[in-house]
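The structure presented is a predicted model; accordingly, all values stated were derived computationally and were not measured. By convention here, the first residue in the shown sequence is residue 1.
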Amino acid sequence: MSMIKLAIDFDCPSPVWWEGGGRDLWESVLEGFDNNDVLLDKSIAESWLRAAASLPGWAEGPEHAPHPIRLKEIDEDEEL
């Protein structure tokens, strides 16, 4: 099974995205409170990213952090 980790990119605050449905979308995949990242099956993550990109404010960040959610490397010792 191929997994992808999504994480909040704090360098891209994008209040328009968070307030325009992004917060609800993010919370829909979290497993607990105060999570800054989540590990998902690749197909679910790709579907989630398409939904996230359809919301206003998705690409409002600076060049080094264009989106409020980013792909994050999976640690080798992390349980999948």
Side-chain angles (χ1 to χ4, degrees):
M1 177 172 18
S2 183
M3 303 294 283
I4 293 178
K5 185 181 277 190
L6 301 177
I8 295 173
D9 193 335
F10 292 101
D11 287 341
C12 177
S14 191
V16 170
W17 186 82
W18 286 102
E19 294 168 10
R23 184 172 327 283
D24 290 337
L25 188 62
W26 180 245
E27 290 175 354
S28 74
V29 293
L30 293 182
E31 296 176 358
F33 298 106
D34 297 328
N35 286 351
N36 295 328
D37 58 39
V38 64
L39 192 61
L40 299 172
D41 178 77
K42 182 179 179 181
S43 64
I44 294 171
E46 289 171 345
S47 174
W48 188 94
L49 286 167
R50 283 190 299 274
S54 73
L55 297 173
W58 174 250
E60 287 187 352
E63 186 175 326
H64 71 281
H67 311 297
I69 305 295
R70 64 182 175 89
L71 297 176
K72 186 176 177 183
E73 288 187 31
I74 298 173
D75 298 328
E76 289 179 19
D77 60 346
E78 191 166 354
E79 283 188 37
L80 300 179

Residue pairs involving residues 61-72 (criterion salt bridge (charged side-chain N to carboxylate O under 4.0 Å, His left out); sequence neighbours excluded)
Asp37-Lys72
Hey, is the main chain of Leu25 close enough, under 3.5 Å, to the side chain of Ser28 for a donor-acceptor pair?
yes
Contact check, side chains of Leu30 and Asn35, non-hydrogen atoms, under 4.5 Å:
yes
Leu6 and Val38: CA distance, side-chain angles, deciding distance, side chain to side chain contact (heavy atoms under 4.5 Å, CB included) verdict
CA-CA 5 Å; Leu6 301 177; Val38 64; 4.2 Å; yes
Write down the atom of Trp48, the atom of Ile69, and the distance for their closest heavy-atom approach.
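Answer, listing the atom of Trp48 first, then Ile69: CH2-CG1, 3.5 Å.
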Rounded at 0.5 Å granularity, tell me how far [atom1] in [X] sits from [atom2] in [Y].
{"X": "Leu71", "Y": "Leu49", "atom1": "CG", "atom2": "CG", "answer": "6.0 Å"}
{"X": "Lys42", "Y": "Ser47", "atom1": "NZ", "atom2": "OG", "answer": "13.5 Å"}
{"X": "Lys5", "Y": "Leu39", "atom1": "NZ", "atom2": "CG", "answer": "6.5 Å"}

With a cut-off of 3.5 Å and sequence neighbours excluded, list every side-chain donor-acceptor pair involving residues 7-23.
| residue | atom | partner | partner atom | Å |
| --- | --- | --- | --- | --- |
| Asp9 | OD1 | Asp11 | N | 3.1 |
| Ser14 | OG | Gly57 | O | 2.6 |
| Trp17 | NE1 | Ala52 | O | 2.9 |
| Trp18 | NE1 | Pro13 | O | 3.2 |

